[in-house]
Every structure is written in structure tokens, then in C-alpha cells.
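Here is the structure we will look at.
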Amino acid sequence: MPTKEFMNVRRFLYNEQRLSPKATGEFTTLLLDIILGCKKVCREVRQFGLSQYQHTTGAINVQDEEVHELDDLANDLLLDLLTKGGQTCGVVTEENKEIVGVPASFERGKYVVTIDPLDGFSNIGVNVNIGTIFSVRKKISEGEDSNLSDFLQPGRSQVCAGYVMYGPAMVLVFTIGRGVYEFTYSLGIDEFILSRENIRMPDLLPNKKGSFSANTGYWNLWDDKAKAVSNFFMEGGYSFRHIGSFIADFHRHLLQGGIFCYPANSKSPNGKLRLLYELAPLSFIAEQAGGLAIDGSRPILDLKPDSLHQRSPVYIGSRDAVIKAMEILAAPKR
Ligand code: P6P
């Protein structure tokens, strides 16, 4: 086994592949395709001020949100790689209303993938961390092409989940069900090198070294229970940190401990974040790192989506902090 500084993600995946006797290499190829796509997205993100992709397109996506040219670029680029790479039979992305199938002349694979091509819309163009979230499930339907049943599986059916964050460093974080690993991109050698292994999310309550994240700008739209959770952490001496990009807020809590809350509010009665391609992937990572993610009362990973773009409230982070939030939410009204 090479020493850690030479453990690039390709070698890591080959080592993991050898642990699965029936592995064919298709999953490894798929993950390397996703990584290649994210490296190409990062190139445009890194030169945003000089990029030709600096504006909103004028279109409104299925989320009823403005579409940014960089969103479109990331989406088109990743869809091209993932639908023509021979490892998938369908892709669901935040930007497309329906499942994106594999073009007729291309080989179908046994995996379905969900992506949020560029998470952190409000931070695009202001040089704040944004990133790509991905998740892989095995096809369960009959036939070569995917259908809704392949995607509307609970989060526990994921075989892989991860994100690539475009920040001061480009980092890749993922799990394949055997712990959480972080790889940091080294420009000089054009490689993702292992930087953290078997990441464990620290508890928050005992030493308060972590932080609390929520968009408290919605305070007047929250119900009393959501306010009670926020009050517990805001009055409890915990740091408040909110970046506005889900993966950036989550990454901080993954490494330092903390809790990210996006409760339902009167503007977003089901919460804002999407279950299939935002919450399920990061909840898989959270639980693999010893953390927890709930919708307020149930583990996110147990939720079976009813639709591709279904939203859910979320409390995700250190296990002790999420359990505390669940207790507050379950307490009888005073
Ligand atoms: P709000 C970014 O658009 C995003 O999807 C997440 O990355 C982020 O956590 C959330 O929305 C922020 O939403 O309503 O606070 O601007």
C-alpha cells in the first residue's frame, strides 16, 4: 500500500474494488467519470470573473429558481459524461424536471446517479464555496432503461454519495459505505490525494467547539418549534456560522462538529433542500461519519421519496446535536 501522500483517488478506488470479489470495475469507472466532470466544472468556477458563464440565463428551472449559466454548464457537462460513459441507465439532476436517459446509441449500465451540479446558487460569482453533490444507486427495475422506481428509493439504498467542493482548495469527500474519506486536489500533479480517512464527526454539545448553521433571516417565517431549536444553540454559547452553501456548511460540521438546520417555513412549507440529490447524499455521509440527519422526527435515510424533486426540512450534523434538536421538536407545546 503506498504511503498516504501517494494515495490518489484512483489507487484508493482500485484498493476498495479489490475488497469486493464480484467487482467488475464499472463503479470505479463511474466515480472517476464524476470526478473528471467536477474537475472541468472547477476550471470554470476558478476563473469566474473571466468566464463567459457569468450571467443568469433568464430561464426558471423546475425548482422555480433562476438558472445561472454556470449551472447550465455544470449540468450539461456532467450529464454528457454520465449518460454516455456506459455505467448508468439514467440521471436525475436538480436542473431537469424528468429523468435524463442514455442516448439511443450509447451503452447502458447498472447504476443510476443523482446530481446537484452546482450547489450554492446564492454564492455563485461572489467567490464563496460552492460545489457538486452526487449519489449512486443500483438500478432495480426490469429492462435496460431506468424509470422512477430506480430513483424513488430511500437514501439507505445508496451505494455511494459524495461532493466536490470548489473552495480555497478543491476537495472531494465521499463514502461507499465503509467510512468517509476526503481527497484534496493537488494542482501540481493533477491528482486528488487522500487528506483525511475514516472521518468522524465530533460531538457538539460537550465542548461547544463546533457551530450552529441556519438562515435566521427566516425567523419570522419559522414556527415556534423551529425557533426553540435555534434559541437552544444561539443562547447556549455555540458559535454561529452560516455560509449559504449547503455543502460548505456541512463540510465545516463534518470536520469540526456542529448542526445545520433548514426547517420548514411559511414560504417553504416542506423546507427548501431536495431529498433525492441534496439531503440523501449528505445524510449518508453524516451517518457514515457517526453523525445524524433527520427531517425533524425521522432519519432522512429512511424517507422514501414520492417525487424526484421532493423537498424536506433537515437537521443534520453531530449526532448529539441532532438528537437534542429532535427532543426539542418533540417536546409538548408549552
Ligand atoms: P436560503 C443554495 O441555493 C441552497 O440550495 C443550499 O446550498 C443552501 O443551504 C440553501 O439553498 C440556502 O437557501 O433560503 O437560505 O438562501
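Below, each value reflects all heavy atoms present in this structure, side chains not excepted, and no hydrogens, waters or symmetry copies.
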Under a 3.5 Å threshold, yes or no: a donor from one side chain and an acceptor from the other, between [X] and [Y]?
X      : Y      : answer
Asn129 : Ser245 : no
Asp295 : Ser312 : no
His68  : Tyr53  : no
Gln63  : Arg274 : yes
Glu191 : Ser186 : no
Arg11  : Asn8   : no
Ser157 : Arg137 : yes
Glu182 : Ser195 : yes
Thr93  : Glu95  : no
Ser239 : Ser211 : no
Asn75  : Asn96  : yes
Ser318 : His253 : no

Taking [Y]'s backbone N and O only, do any of them form a donor-acceptor pair with [X]'s side chain (distance below 3.5 Å, no angle check)?
X      : Y      : value
Gln17  : Ala23  : no
Ser213 : Arg241 : yes
Glu94  : Pro117 : no
Thr175 : Gly177 : yes
Asp116 : Thr132 : no
Gln158 : Gly155 : yes
Asn265 : Gly271 : no
Gln310 : Asp306 : yes
Lys324 : Val229 : no
Asp119 : Ile247 : yes

For Gln256, check side-chain hydrogen bond (donor to acceptor under 3.5 Å, both in side chains) against everything at least two apart and list the hits. none
Between [X] and [Y], does the ring centroid distance fall short of 6.0 Å?
X      : Y      : value
Phe212 : His242 : no
Phe183 : Phe192 : no
Tyr238 : Phe233 : yes

I'd like to know if [Y] and [X] are part of one continuous hydrophobic network [Ile/Leu/Val/Met/Phe/Trp/Tyr, side-chain heavy atoms within less than 4.5 Å].
X      : Y      : result
Val91  : Leu81  : yes
Val113 : Leu13  : yes
Phe174 : Leu82  : yes
Val100 : Val136 : yes
Leu282 : Ile300 : yes

Going by heavy atoms in the side chains, are [X] and [Y] under 4.5 Å from each other?
X      : Y      : answer
Cys261 : Val314 : no
Ile60  : Val67  : no
Asp76  : Asp80  : no

Mind telling me whether Tyr218 and Tyr262 have parallel, tilted or perpendicular rings, with 30° and 60° as the class edges? tilted
Evaluate the ring planes of Tyr163 and Phe250, with Trp represented by its six-membered ring, and classify them as parallel (under 30°), tilted (30 to 60°) or perpendicular (over 60°). perpendicular
Evaluate salt bridge (Lys or Arg N to Asp or Glu O under 4.0 Å) for Lys227 paired with Asp223, printing each intermediate quantity in order. CA-CA 6 Å; Lys227 289 178 180 176; Asp223 66 18; over 6 Å; no
Excluding sequence neighbours, so at least two apart, what forms salt bridge (charged side-chain N to carboxylate O under 4.0 Å, His left out) with Arg156? Glu287, Asp302
If you apply the rule side-chain hydrogen bond (donor to acceptor under 3.5 Å, both in side chains), what do you find for Thr29 with Gln87, and how did you get there? CA-CA 7 Å; Thr29 303; Gln87 311 311 323; 4.6 Å; no
Residues that, via side-chain heavy atoms closer than 4.5 angstrom, fall in one hydrophobic cluster with Val102: Phe106
Between Asp190 and Lys39, is the closest basic N to carboxylate O distance under 4.0 Å? yes
Any ion pair linking Asp145 and Arg108 (charged N to carboxylate O, less than 4.0 Å)? yes
For side-chain contact (heavy atoms from CB on, under 4.5 Å), just list the numbers for Leu172 and Ile35, CA-CA rounded to whole Å, side-chain angles, deciding distance to a tenth of an Å, and then say yes or no. CA-CA 8 Å; Leu172 161 68; Ile35 292 167; 3.6 Å; yes
Just one of Leu118, Val164, Leu36 clears the side-chain contact (heavy atoms from CB on, under 4.5 Å) bar with Val41, so which one? Leu118
How far apart are the C-alpha atoms of Lys139 and Ser141, what are their side-chain angles, what is the distance that settles it, and do they pass the side-chain hydrogen bond (donor to acceptor under 3.5 Å, both in side chains) test? CA-CA 6 Å; Lys139 173 181 177 32; Ser141 64; 2.7 Å; yes
